[in-house]
Trainee: 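After the structure tokens below, expect a handful of questions from me.
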Amino acid sequence: MMSKLANKKIPSGLDPWNALRVHTDARIGLGRVGDGLPTARLLEFQMAHARARDSVHMAFEPDRVRGQLGSLDLPVLDVHSAAPDRATYLQRPDLGRLLDDASHDTLSGHKGTYDVAFILADGLSARATHDHGADTLSLILDRLGDSWSIAPITLATQSRVGLGDEIGAALGAKLTVMLIGERPGLSSADSLGAYLTWGPKRGKSNADRNCVSNIRPAGLVPKKAAEKIAYLMLEARKLGLSGVALKDNSSNPALIDG
């Protein structure tokens, strides 16, 4: 590609880096004015940084997500981590992995034997869950069919990924699928992540999970993400495992058909 671009004539007055910028969100060829960035590029960076900060501090709105889930015929529960507020949540990641007492009581009333528990959580970007969580979950359910027993959907506030282990264990689920806002980047303040954990219980590590990340219209679009997540769920149930032992062969038709 570089050789073709090198031989391509750039009209006078146009930035030759524009031909590459359309292929990436990375900040490339920003130019300079003296020892600094051009004003426009500096303002773009400051805006991206502000959006990322806003996403981290944005309050989760469970009722908003509940309204988006209205078409799904499943009960919806609200839970909260042991972090009482956003400031504590950011300073004490360990508390974000534990349920508060009231949430334990809420979940215990719905304990059963379920194949999967879905959790929609704020994480480090409530914006991502607000914008893409319900849509992604609906697309996953469309691909699963009727062979899964599904626990009540859980909306988790001030949540870290590990909170899904406590939720899954409290509900009696064999598998948890947590859709959670990822740490914002300077080009992706609305990125959603999906974490799958077989046999959820307190003490699970990230090596026990499978992650599908960067779910957003400008990244891995929700439809494609749902296909990958549903595939991993089927494999996890078939093999009784998740994490490093569960390989994603969803892009290899020979292995899928075999």
Trainee: Give every residue pair that meets the ring pair (Phe, Tyr, Trp, His ring centres under 6.0 Å) criterion with at least one member in residues 76-130, sequence neighbours excluded.
Mentor: Phe60-His130
Trainee: Name each donor-acceptor pair under 3.5 Å that joins a side chain in residues 161-178 to protein atoms two or more places apart or in another chain, with its distance.
Mentor:
residue : atom : partner : partner atom : Å
Asp165  : OD1  : Arg209  : NH1          : 2.9
Asp165  : OD2  : Arg209  : NH1          : 3.3
Asp165  : OD2  : Arg209  : NH2          : 2.9
Glu166  : OE1  : Leu99   : N            : 3.0
Glu166  : OE2  : Arg202  : NE           : 2.6
Glu166  : OE2  : Arg202  : NH2          : 2.5

Trainee: Any donor-acceptor pair under 3.5 Å linking the side chain of Ser108 with the backbone of Asp105?
Mentor: yes
Trainee: Once rounded to the nearest 0.5 Å, what's the spacing between atom CG of Leu196 and atom NZ of Lys228?
Mentor: 11.5 Å
Trainee: Would you say Leu144 and Leu137 are hydrophobically clustered, going by side-chain heavy atoms of ILVMFWY under 4.5 Å?
Mentor: yes
Trainee: Say you draw a straight line from CD1 of Ile215 to CG of Asp131; how long is it, rounded to the nearest 0.5 Å?
Mentor: 13.0 Å
Trainee: Give a yes-or-no answer on whether the side chains of Ser191 and Glu182 include a donor-acceptor pair shorter than 3.5 Å.
Mentor: yes
Trainee: Just by modelled atom types, is the Leu220 backbone N or O under 3.5 Å from a matching donor or acceptor in the Lys223 side chain?
Mentor: no
Trainee: Determine whether a donor-acceptor pair (N or O, by modelled atom type, separation under 3.5 Å) exists between the side chain of Asn210 and the backbone of Leu246.
Mentor: yes
Trainee: When rounded to the nearest 0.5 angstrom, what distance separates CG in Asp190 from CG in Asn214?
Mentor: 8.5 Å
Trainee: Would you indicate whether the side-chain heavy atoms of Asp78 and Thr157 approach each other to under 4.5 Å?
Mentor: no
Trainee: Check for me, please, whether Val65 and Ile119 land in the same ILVMFWY cluster - side-chain distances under 4.5 Å, paths through other members count.
Mentor: no
Trainee: I'd like to check the side-chain hydrogen bond (donor to acceptor under 3.5 Å, both in side chains) partners of Asp208; sequence neighbours left out, ordered by chain and number.
Mentor: Ser205
Trainee: Asp85: what forms a salt bridge (Lys or Arg N to Asp or Glu O under 4.0 Å) with it, not counting sequence neighbours?
Mentor: none
Trainee: What's the spacing between Ser81 OG and Asp100 CG if we round to 0.5 Å?
Mentor: 7.0 Å
Trainee: Evaluate the salt bridge (charged side-chain N to carboxylate O under 4.0 Å, His left out) criterion for residues Asp63 and Arg66: first the C-alpha distance (whole Å), next the side-chain angles of each, then the deciding distance (0.1 Å), finally the verdict.
Mentor: CA-CA 5 Å; Asp63 288 341; Arg66 181 180 286 100; 2.7 Å; yes
Trainee: Do you know which two heavy atoms are closest between Ile229 and Ala194, and how far apart they sit?
Mentor: CD1-CB, 3.5 Å
Trainee: List the residues meeting side chain to side chain contact (heavy atoms under 4.5 Å, CB included) with Leu234, not counting sequence neighbours, and say none if there are none.
Mentor: Trp148, Arg237
Trainee: Is it the case that one hydrophobic cluster holds both Val212 and Leu239, taking links as side-chain heavy atoms less than 4.5 Å apart, direct or via other members?
Mentor: yes
Trainee: Enter the distance from Ile140:CD1 to Ile150:CD1 here, rounded to the nearest 0.5 Å.
Mentor: 10.0 Å
Trainee: Side chains of Pro84 and Gln158, heavy atoms from C-beta outward: is any pair under 4.5 Å?
Mentor: no
Trainee: Report the residue from Arg64, Arg86, Arg127 that forms a salt bridge (charged side-chain N to carboxylate O under 4.0 Å, His left out) with Asp122.
Mentor: Arg86
Trainee: With a 4.5 Å cut-off on side-chain heavy-atom distances among I, L, V, M, F, W and Y, is there a chain of contacts connecting Leu74 to Leu179?
Mentor: yes
Trainee: Under 3.5 Å, side chain of Ser125 to main-chain N/O of Ala128, donor-acceptor pair present?
Mentor: yes
Trainee: What heavy-atom pair brings Thr129 and Gln68 nearest, and what distance separates the two atoms?
Mentor: O-OE1, 4.5 Å
Trainee: Quick check for you: to the nearest 0.5 Å, what is the distance between Ser147 atom OG and Asp115 atom CG?
Mentor: 7.5 Å
Trainee: Cluster question for you: counting only ILVMFWY and a side-chain heavy-atom cut-off of under 4.5 Å, with indirect links fine, are Leu72 and Val116 together?
Mentor: yes
Trainee: State which residues pass side chain to side chain contact (heavy atoms under 4.5 Å, CB included) with Leu95; sequence neighbours excluded, sorted by chain then number.
Mentor: Ala82, Ala83, Thr88, Arg92
